[in-house]
Amino acid sequence: MQSVARQVRCANRLGTPVQSRIASSCLQWQCQRRAASYYNPLQWIQEKFAPKARKADPVEEKKRGEQEKQGQQSVFEAAVSHEKRAQPKTTSAESAPTVIKKKATEHKYSTANFKISHRKLNMIGRQISGKPIDHAIVQMQFSEKRATSRIKSMLATAKLHATAYKNMDPSKLVVSEAWVTKGPKQLKRLEPRGRGKFGIRIHPDSRMHVILREGKTFEQLKKEQRERRLRRIVSAGLVREDVPLRNPARTWQW
């Protein structure tokens with residue numbers, strides 16, 4: 001490359017057109033040679049024989065249409081044209097498959113295994129079972145038990161997943177079921193005893209599972225409870241009521 005550049009500089013100094021043409025031809029030949037050294041023959045084969053989309057030729061289409069009218073088609077072409085005529089034309093809306101999404105009715109979630117007895121954790125499960133999700137979270141927030149912080153975060157995550165992924169109404173979510181299972185592994189450690197003996201202390205671990213379903217909200221439950229209590233009220237006798245007496249006396253009170 002340096003020799004070619006030197007020839008070009010010499011030709012520029014001399015100013016002769018013949019030498020400048022020679023130098024430029026030499027430079028062009030060396031560039032082509034270098035480009036050819038980088039060219040891969042496999043690349044040419046791939047470009048030459050690679051499958052490409054066939055373009056519709058209007059002349060062939062016209063010729064095929066004339067043959068179809070005259071009945072001069074081959075057996076295979078006649079079968080293809082017959083199938084095209086038999087297929088009804090459908091719009092894009094009809095051709096698209098209709099996917100019917102079923103609305104989710106429940107969402108299951110659970111904590112990871114952590115160090116706690118299943119008896120202690122079951123007490124918390126009974127505390128939140130059957131309550132609306134917001135009420136259960138408030139119960140866990142003000143509880144003094146050690147595991148309630150973990151259960152509170154689990155309930156908040158379950159509520160978020162049921163709302164975002166399963167399109168459930170957050171105002172109607174209820175902790176329908178809550179149960180506790182033991183962990184797969186329990187740590188066993190030695191416990192020193194008197195007279196050189198020892199025992200085995202078991203460190204248990206467990207986890208809690210919950211199922212969220214759409215149910216009655218806390219306001220609806222309070223309204224039903226108030227109506228139920230109002231139905232139990234009986235007047236003092238100013239208006240006659242066809243209801244049994246409450247706490248009737250054994251004898252006459254005069």
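This one's a predicted model, so the numbers in the text were calculated from it and none came from an experiment. Start at 1 with the first residue, then count along the sequence. Any value given below was found using the heavy atoms of this structure, including those in side chains, with hydrogens, waters and symmetry copies removed.
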Output the distance between atom [atom1] ([X]) and atom [atom2] ([Y]), rounded to the nearest 0.5 Å.
X      : Y      : atom1 : atom2 : answer
Ile133 : Ile128 : CD1   : CD1   : 7.5 Å
Leu160 : Tyr109 : CG    : OH    : 9.5 Å
Glu66  : Lys62  : CD    : NZ    : 6.0 Å
Arg126 : Leu121 : CZ    : CG    : 10.5 Å

Any sub-3.5 Å donor-acceptor pair from [X]'s side-chain atoms to [Y]'s backbone N or O?
X      : Y      : answer
Thr163 : Lys159 : yes
Thr111 : Met208 : yes
Glu214 : Met168 : no

**Study point:** Minimum heavy-atom distance between Ser176 and Arg213, given as atom pair plus value
**Key:**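 Where Ser176 meets Arg213 most closely, the heavy atoms are OG-NH1, 2.7 Å.
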
Review point. At their closest point, which heavy atom of Gly199 faces which heavy atom of Arg193, and how far apart are they?
Key: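 So the two residues come closest at N-CG, 3.7 Å.
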
Review point. Between Arg189 and Glu191, is there a side-chain N and carboxylate O pair less than 4.0 Å apart?
Key: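 Looking at Glu191 together with Arg189, the answer is no, because their closest N to O distance does not fall below 4.0 Å.
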
Practice item. Apply side-chain contact (heavy atoms from CB on, under 4.5 Å) to the pair Phe142 and Thr148, showing each step before the final yes or no. Key: CA-CA 9 Å; Phe142 291 98; Thr148 53; over 6 Å; no

Exercise for review: Taking atom CG of Asp169 as the centre, report whether more than 12 heavy atoms of other residues, nucleotides or ligands fall under 6.0 Å from it.
Suggested key: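 Yes, the 6.0 Å shell around CG holds more than 12 heavy atoms from other groups.
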
Exercise for review: Before giving the answer on side-chain contact (heavy atoms from CB on, under 4.5 Å), spell out for Val175 and Leu212 the whole-Å C-alpha distance, their side-chain angles and the decisive distance to 0.1 Å.
Suggested key: CA-CA 5 Å; Val175 184; Leu212 304 183; 4.0 Å; yes

